[in-house]
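One structure is given here, and the rest of the page talks about it.
The first residue in the sequence is number 1, and the count goes up from there.
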Amino acid sequence: MPTLQKRFSVISGFFLLLVLLAANTIVIKRQLTVQEENRAWLAHSGQVILQLSRTESLLKDAETGQRGYLYTGDEHYLEPYTDARAQVMPAIDALARMTVDNPRQQEHVAALRKLAESKLAELAQTVALYRSGKPDQAKAIVLSNAGLIAMNDFRARVDDMEQEEGSIESSRQQAFHHSVRVTVGCVYAAAVIGALAAIVLAVVILQEMDLRERHGRQMREREEWFRVTLTSLGDGVIATDEEGLVTFLNPVAEKLTGWNLPLAKGKKIDEVFPIFNEYTFKPVDNPVKKVMESGSIVGLANHTVLRHADGSLRPIEDSAAPIRDDRDTLVGVVLVFRDATHERESQEILRKTEKLAAAARLAATFSHEINNPLEAVVNLIYIAKETEGLPDAALQPLKLAEHELERVSHIARQTLGFYRESKVPGLVDLPAVIENVLKLYSNKLKTKNIHVECDFGEACPPFQGLAGELTQAISNLISNAADAVAFDGLIRVSLSTFQEQEAQWIRLVIDDNGPGVRPDQASRIFEPFFTSKIDVGTGLGLWVTKEIVQRHGGRIEVGSKTDDGAHGAVFTIHLPCAIED
């Protein structure tokens, strides 16, 4: 009962306030209308006075033109007379229309009309006499002062009308100011009434607010505790209502989805949380819908990716659970998910590690098994070289074969020892290494008619390292370039030096005019088992090359040519001129 009374009191107070304000608004509106009318009549009085002055001025202009003509006989002086004569009577007609509401002014207008007609007739008579060759008679009429008397009567009548209109204007101005004062008073009254009503209502409302604030504070404290808890979670949290519309996102969910809470609130969960199969890219049933259908906790299927607002995809793992009220009614769903990118990367690294370990075991076995055949071939080449009468044309290929077999044997020993070189690094002549590699691939280059341009620039300082490993690294790059270019292709090899951080470096650049390296491949091209070659690549050549360069204290970079519309891959190796043991 007390609550009902309070509500009735508040409603009654608002109703009374509205009635008072409505009445005050009607009064103000009426006063504004009166102000507009008074302002219009004030402007009208001003126009009447202005028209009186104009009419008097026109009659003066007519008299002036007549006098000038009578004294000079020049027809040009009649132009003001002619213009004024044509406008005087229309001006008086306008005064008659403007004062139609005032009988006294109408009497004045009638008198003005007669005086104007008399004056204009006198002017016309004198002009006609002068034109007919009777200037003395015309001047006699002027000197009779009849025209002066008519003009003075006209001025006096105009003055009477101006005084009459001025009196009317003064009374209208007083009425206008009175309506303004009434309007201002109504505004102040409305303000006072509103202020008093606001104070009374504020007291009542504040009392109710204090009561509600005590209960609301407890609710806010509980809500804040839940909000802080959900916001502090390391997993993404999305809450929806019973219709699947988003009501809450924590910061982790905002980061993973690309949606902020103000923008996502009220959106469908499928729009904010679009998920797909990682391999088929087909949409996956949203777990929120499953929870709403089953009313139980639902987990996300394996190999599910979430599409970010920017279009990128990332693997996730999640689960959804129903939100129920105290009557066990489903009022929403909470979705908890996390970014599984690092786990997938760890699994991928583990998979590659296992592949590398298997490849290493296989390579070690292979290296061990080919050592004996290699030694036999080396011995046979040695015996062939020592054969008497062997021509030089056969001796040179045998020496080159012996050198290459030694390199193969060195690679086998490296593989068998897991790249732990036991020899001490020595000075390496990079131009000589490059020339030997080009000789090795000369047949392959001739087969595709590939042109090789070498630019070793100024004298390249010797490099301290392992000649066999550097030969292998350069061979991988030359071989890849030869595979990439088409028939009649071009490969460029250049050597130069530069200063970096007070140290001298060697720059080796190998580029071709092949198709180049796509941007999506550039970031993975040095990964093990990644290859852009179809059916022929193992994906280990560039990985080994990078390992060799890094062991020598250098770095390798890949890029594509973009100047003059040219295409092709560019591999750049930077090596320090001296490496400490």
Side-chain angles (χ1 to χ4, degrees), residues 403-404 406-407 410-411 414 419-442 445 450-485 489-514 516-517 522-523 525-527 540-563 566 568-581:
H403 174 74
E404 293 304 321
E406 176 61 25
R407 192 165 69 87
H410 174 70
I411 293 173
Q414 283 180 324
Y419 286 101
R420 279 182 275 185
E421 179 63 44
S422 59
K423 293 184 179 179
V424 178
L427 295 179
V428 179
D429 186 1
L430 284 179
V433 170
I434 295 171
E435 290 176 356
N436 289 336
V437 172
L438 293 176
K439 288 180 182 179
L440 174 64
Y441 289 101
S442 59
L445 298 174
I450 298 173
H451 179 63
V452 180
E453 294 181 358
C454 294
D455 180 13
F456 296 154
E458 59 188 24
C460 182
F463 174 74
Q464 189 175 14
L466 299 174
E469 289 192 359
L470 291 174
T471 300
Q472 181 182 356
I474 297 173
S475 297
N476 289 337
L477 297 179
I478 295 295
S479 177
N480 286 345
D483 291 336
V485 300
L490 174 65
I491 299 176
R492 295 187 184 91
V493 183
S494 63
L495 274 174
S496 60
T497 59
F498 66 97
Q499 291 291 125
E500 184 178 279
Q501 296 181 351
E502 299 182 357
Q504 190 176 22
W505 288 69
I506 299 172
R507 180 188 289 112
L508 169 61
V509 180
I510 300 175
D511 66 271
D512 58 65
N513 63 348
V517 180
S523 60
I525 199 166
F526 294 110
E527 293 181 4
L540 293 174
L542 290 177
W543 174 67
V544 171
T545 300
K546 182 179 180 181
E547 291 292 322
I548 292 174
V549 172
Q550 289 180 343
R551 278 203 302 274
H552 283 78
R555 62 182 185 271
I556 183 171
E557 301 169 352
V558 62
S560 294
K561 292 183 289 186
T562 57
D563 55 325
V570 180
F571 286 88
T572 305
I573 296 177
H574 294 151
L575 295 170
C577 288
I579 296 180
E580 297 182 0
D581 296 341

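At least one side-chain heavy atom of Ile478 sits under 4.5 Å from a side-chain heavy atom of Val493. Counting only heavy atoms from C-beta outward, the side chains of Leu508 and Leu575 never approach each other to under 4.5 Å. Here the side chains of Phe571 and Leu542 are in contact, with some heavy-atom distance below 4.5 Å. Within the 4.5 Å cutoff, the side chain of Leu430 has no heavy atoms near those of the Phe456 side chain. Under the 4.5 Å side-chain criterion, counting only non-hydrogen atoms from C-beta, Asn476 is not in contact with Ile548.
Between the CD1 atom of Ile450 and the OG atom of Ser442 there is a distance of 11.5 Å, given to the nearest 0.5 Å. Atoms SG and CG, on Cys454 and Leu495 in that order, are 9.0 Å from each other to the nearest 0.5 Å. The NZ atom of Lys546 sits 11.0 Å away from atom CD1 of Ile525, with the distance rounded to the nearest 0.5 Å. Taking CD1 from Ile556 and CD1 from Ile573, the interatomic distance works out to 4.5 Å, rounded to the nearest 0.5 Å. Separation of atoms CZ (Arg507) and CD (Glu500) is listed at 9.0 Å; rounding is to 0.5 Å. Remark: Ile474 CD1 to Ile434 CD1 distance equals 5.0 Å, nearest 0.5 Å.
Minimum interatomic distance between Ala482 and Leu445 (heavy atoms only, all atoms of both residues): CB-CD2, 4.1 Å. The two residues Pro576 and Gly553 have their closest heavy-atom pair at CD-O, 3.5 Å. Between Gly554 and Trp505, the closest heavy-atom pair is CA-CZ3, 4.3 Å. Taking both residues in full, the closest heavy atoms of Cys577 and Ile506 are given as SG-CG1, 3.6 Å, listed atom of the first, atom of the second, then distance.
For Glu453, the side-chain contact (heavy atoms from CB on, under 4.5 Å) criterion is met by His451, Leu490, Arg492, not counting sequence neighbours. Under the side-chain contact (heavy atoms from CB on, under 4.5 Å) criterion, Glu557 pairs with Arg555, His574, sequence neighbours left out.
The main-chain N or O of Ala467 is found under 3.5 Å from a side-chain atom of Thr471 such that the two form a donor-acceptor pair.
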